[in-house]
Amino acid sequence: MSDNWKPRTRAVHGGTRRSQYGEVSEAIFLTQGFVYDSAEAAEARFNEAGPDEFIYARYGNPTVRMFEERMALLEGAEDAFATASGMAAVSGALAAMLKAGDRVVSARALFGSCLYVLEEILTRYGVEVEFVDGTDLAAWEAAITPGTRAVFFESLSNPTLEVVDIQSVSALAHKVGATVLVDNVFATPVFSNAIAQGADVVIYSTTKHVDGQGRALGGVIMGTEEFIRKTVEPYMKHTGGSMSPFTAWVMLKGLETMELRVRAQAATAQKLAQVLHGHDALSRVIYPGHPSHAQNGLIQTQMGGKGGTVLSLDLKGGQAAAFAFLNALTIPVISNNLGDAKSILTHPATTTHQRLPQDQKDLLGITPGLVRMSVGIEDADDLVADVLQALEKAG
């Protein structure tokens with residue numbers, strides 16, 4: 001691999017391993033174990049496996065390793081560990097490094113399952129967790145005190161699309177020796193390089209834009225080789241959250257077209273935000289790439305002005321109007337995934353964030369009328385026309 005390769009080339013060719021047959025498409029090694037030439041060879045491999053040696057699929061696999069290396073090259077990380085899902089990546093990265101008595105500071109605006117891990121699971125085992133307004137640097141500075149072990153946030157929050165300043169928050173964390181873990185799903189590997197901006201660990205649900213075609217669950221944790229191999233790998237291989245070889249192959253295929261898909265999706269999301277801004281049926285259009293977004297300036301520097309593939313619409317008529325709008329659409333589907341080739345809409349208050357008490361929904365801006373729209377690769381004009389007719393019916 002050339003060090004001069006640009007991201008799109010790395011996403012197609014990085015980390016490629018070919019068998020003796022010289023296949024063009026990556027091989028799927030569907031095996032749970034590996035054969036050793038001798039008892040001595042087995043002993044040696046268990047003592048220390050080489051870079052292209054494998055022991056058990058829960059520990060590593062040639063197809064999975066291809067995907068890990070390709071993601072690490074794309075992200076600019078030293079190493080990566082692929083997981084069974086995005087939440088296996090989030091929970092695994094945090095649980096692998098934390099112990100009773102450790103302190104975590106997190107942004108309060110998170111996906112519902114991320115909140116559950118932080119609020120319910122980690123605290124159950126004696127980890128202290130403090131939540132802050134992710135957009136408020138003064139709040140981060142006050143909360144990140146000496147002794148803080150980890151800082152966690154979504155670079156673009158789900159579903160209200162708040163933007164966290166990766167560089168500034170990372171600098172505050174590093175002053176006290178804290179590890180910065182960033183869930184970078186909404187920003188995508190295409191528009192964001194969180195490690196270059198100061199993050200220590202970057203997490204993706206590869207279910208989203210990496211696969212991007214509704215086929216498989218997956219996740220990945222990326223960071224230094226020491227963190228991945230000495231902290232993450234022992235935890236994941238013993239708790240069983242690793243990615244399957246077939247899933248890794250699906251993800252490798254998704255990576256080949258990811259940049260093309262994501263750039264097209266973001267362009268359509270930008271067009272929708274421009275058309276819908278100020279619409280009579282909407283109280284808010286939330287899209288970080290639109291000038292009306294409070295943190296549009298940060299998006300210019302952090303993501304090159306690209307607002308991502310998701311926007312949120314807040315209908316004035318509340319839940320009834322939101323449901324009428326969803327039911328009137330003819331092109332997008334109603335589901336709770338995102339980053340897919342198909343446009344997908346969901347009602348966070350009754351689905352992804354339904355477990356939150358009302359006061360917490362109010363604090364996060366998850367109103368009864370809020371609809372999250374993950375923009376697909378359909379024709380932009382068709383999507384605009386469909387959204388407009390559905391808003392008219394809902395109005």
Side-chain angles (χ1 to χ4, degrees), residues 77-81 83-155 157 164-184 194-195 198-205 219-242 355-357 360 363-364:
E78 290 181 8
D79 209 346
F81 194 94
T83 64
S85 69
M87 285 313 305
V90 171
S91 61
L94 289 166
M97 66 173 292
L98 297 170
K99 64 183 184 305
D102 282 347
R103 171 178 166 77
V104 178
V105 179
S106 171
R108 68 190 183 192
L110 299 173
F111 174 54
S113 293
C114 292
L115 280 171
Y116 183 84
V117 168
L118 288 158
E119 288 181 323
E120 303 290 340
I121 297 177
L122 293 181
T123 55
R124 186 186 307 164
Y125 296 108
V127 176
E128 178 191 352
V129 180
E130 180 176 350
F131 293 98
V132 300
D133 178 348
T135 66
D136 186 347
L137 282 177
W140 283 110
E141 187 170 17
I144 301 173
T145 54
T148 300
R149 180 78 175 87
V151 169
F152 177 78
F153 56 87
E154 297 171 359
S155 52
S157 73
V164 176
D165 187 333
I166 298 172
Q167 186 170 357
S168 297
V169 174
S170 296
L172 292 171
H174 293 156
K175 282 183 181 179
V176 300
T179 299
V180 179
L181 301 95
V182 177
D183 181 335
N184 215 32
I195 286 177
D200 301 299
V201 179
V202 177
I203 298 162
Y204 286 104
S205 168
V220 67
I221 307 165
M222 291 174 285
T224 64
E225 184 177 4
E226 181 178 7
F227 180 78
I228 296 299
R229 296 302 150 193
K230 299 293 179 64
T231 300
V232 173
E233 182 184 300
Y235 177 86
M236 296 303 294
K237 76 181 186 182
H238 291 301
T239 56
S242 56
R355 61 172 285 273
L356 299 182
Q360 196 167 354
L363 181 66
L364 297 174

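Below, each value reflects all heavy atoms present in this structure, side chains not excepted, and no hydrogens, waters or symmetry copies.
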Flag the pair [X] / [Y] as yes when at least one side-chain heavy-atom distance between them is below 4.5 Å, and no otherwise.
X	Y	answer
Asp79	Phe227	no
Met97	Val201	no
Lys175	Pro146	no
Val176	Thr145	no

Nearest 0.5 Å, please: how far is [atom2] in [Y] from [atom1] in [X]?
X	Y	atom1	atom2	answer
Leu172	Asp165	CG	CG	9.0 Å
Arg149	Thr179	CZ	OG1	5.0 Å
Asp183	Leu110	CG	CG	8.0 Å
Glu128	Leu98	CD	CG	12.0 Å
Trp140	Glu130	CH2	CD	10.0 Å
Ile195	Glu78	CD1	CD	8.5 Å

Hey, which of Leu115, Leu363, Val105 is the one that makes side-chain contact (heavy atoms from CB on, under 4.5 Å) with Phe131?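 With Phe131 as partner, side-chain contact (heavy atoms from CB on, under 4.5 Å) holds for just one option, Leu115.
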Looking at every heavy atom in both [X] and [Y], which two are closest together, and how far apart are they?
X	Y	value
Ala93	Ile221	N-CD1, 3.8 Å
Thr83	Met236	CG2-CE, 3.6 Å
Ala178	Ala150	CB-N, 4.2 Å
Ile121	Tyr125	O-CD1, 3.2 Å
Val180	Ala173	CG2-CB, 3.4 Å
Ala89	Ile203	CB-CG2, 3.6 Å

Test log, rule side-chain contact (heavy atoms from CB on, under 4.5 Å), inputs Val164 and Glu154: CA-CA 7 Å; Val164 176; Glu154 297 171 359; over 6 Å; no
Under the side-chain contact (heavy atoms from CB on, under 4.5 Å) criterion, do Val129 and Glu119 qualify, and how do the steps go? CA-CA 7 Å; Val129 180; Glu119 288 181 323; over 6 Å; no
Which of these passes salt bridge (charged side-chain N to carboxylate O under 4.0 Å, His left out) with Arg229: Glu226, Glu233, Glu225? Glu233
Go through it in stages, so that I can follow the logic: the residues are Val220 and Phe81, the test is side-chain contact (heavy atoms from CB on, under 4.5 Å), and I'd like the CA-CA distance, side-chain angles, deciding distance and then a yes or no. CA-CA 6 Å; Val220 67; Phe81 194 94; over 6 Å; no
Stepwise side-chain contact (heavy atoms from CB on, under 4.5 Å) test for Asp200 and Thr224: CA-CA 7 Å; Asp200 301 299; Thr224 64; over 6 Å; no
